[in-house]
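Both ligands and their constituent atoms are indexed starting at 1 by order of listing.
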Amino acid sequence: MQNFLEYPCPNCSAELNFDPIVKDLKCNHCNSVIPIEKKLETIKEKDISGFLSTLVNPRKDIEIILYACSKCGKENEIKENTPSFECINCGNNVVNSTAFQLQPINPSGLIPFSISKNEIQALFQNWVNKGFWTSDDFRKISVLDNLRGIYVPFWTFDAQTETQWSGQAGEYYYKTETYTDSEGNSKEEKVQHTRWHYRSGHYSKFFNDILICGSDEISHSEVSKIFPFNLDELVPFDYKYLTGWESDTYSPEIKKCYDLSKSIINEKIYRECGNLCKIDTYTDLSLVTAFENESYKHILLPVWICTYVYKNKKYNFSINGQNGKIDGNKPISSTKVGLVILLVVVLLVAILFLL
Ligand SMILES: [Zn+2]
Ligand SMILES: [Zn+2]
């Protein structure tokens, strides 16, 4: 049984979309604003055992399902795990709630988009204008056509950690030593030595909301460049926020996300214990860490993604849909690079000539 959700305007029956400016549903036809009822429930962390038990329960194969458009009648073929889409004929926005229901874990919250498509061009222009090396004609391009606003699936992990650490703390001291230089003269110099002391201790730390991207659409390393997201603005999950936007369900590879969160936590613990151990330096640091009270949340976060082609090369950038933070790669002007190299060569020649 498929469950397609559509939100028609009560005044003119055109479609409603979630609007990032008014932060409610808005009709693009008659401009009516229909408030989204704010749920009062709090978004709770869930015990990690629920997450880990789904690891042995992989999702079944993805089927193609049919949607006959309620506006124009056109039959659309979509993947059953596509949470939101528009009719290929008339652009009618539809939310496919089955996409989430198929998964063992459903999103408990999301951060709604706050940055509109029109605001992106200004943010993009500002970002492009910043770099000296950016090619000048690239500064004039418009990116609005290739922009996609996507609710990207994320996991947050919490854990109380208890670490027993031990290592060798190094303390520097200096001795004046004599040596003979190439001309046979006896000289003195200060030489650094290290005295080692065994040290050990206990480090206790609670990690809150380690954020890991769970999407196949964009990698964690890419999207982490537009962190942070302010998770205080999470609202309870509601399909209405998805209408008019793309959204994605989490990748089946959720074990990788859990492992990544652990390695991020372990790295932080290693750094902290290193600081506790060292005097001037440290070595042979060994740690035994116990994870307790582990919990998780599954949430959707707003990300603008743009891939565009410039002079036959592909570039992409992404924008944090909550605060407008932008990251990506931009084409370098070969003319500017050439001119700078030329300038350096001329300067070197001039210096050599003067010498
Ligand atoms: Zn309307
Ligand atoms: Zn249609």
*Asks:* Once rounded to 10 degrees, what value does the angle at the Zn ion (ligand 2) take between SG (Cys69) and SG (Cys90)?
*Replies:* 100°
*Asks:* Side chains of Ser247 and Ser84: do they bring a donor and an acceptor to under 3.5 Å?
*Replies:* yes
*Asks:* Parallel, tilted or perpendicular: which fits the ring planes of Tyr239 and Phe237, with parallel below 30° and perpendicular above 60°?
*Replies:* perpendicular
*Asks:* When you measure from the centre of the six-membered ring of Tyr173, is the NZ or CZ of Lys175 closer than 6.0 Å and no more than 45° off the axis?
*Replies:* no
*Asks:* Assess the side chains of Ser204 and Glu162: does a donor N or O sit below 3.5 Å from an acceptor N or O?
*Replies:* yes
*Asks:* For the Zn ion (ligand 1), check which protein N, O or S atoms are under 2.8 Å away and list them.
*Replies:* Cys9 SG, Cys12 SG, Cys27 SG, Cys30 SG
*Asks:* Please verify the inter-ring angle class for Tyr296 with Phe157; under 30° counts as parallel, over 60° as perpendicular, anything in between as tilted.
*Replies:* tilted
*Asks:* By the definition ring-ring contact (aromatic ring centres under 6.0 Å, His included), identify the one residue from Phe113, Trp304, Phe100 that meets it with Tyr151.
*Replies:* Phe113
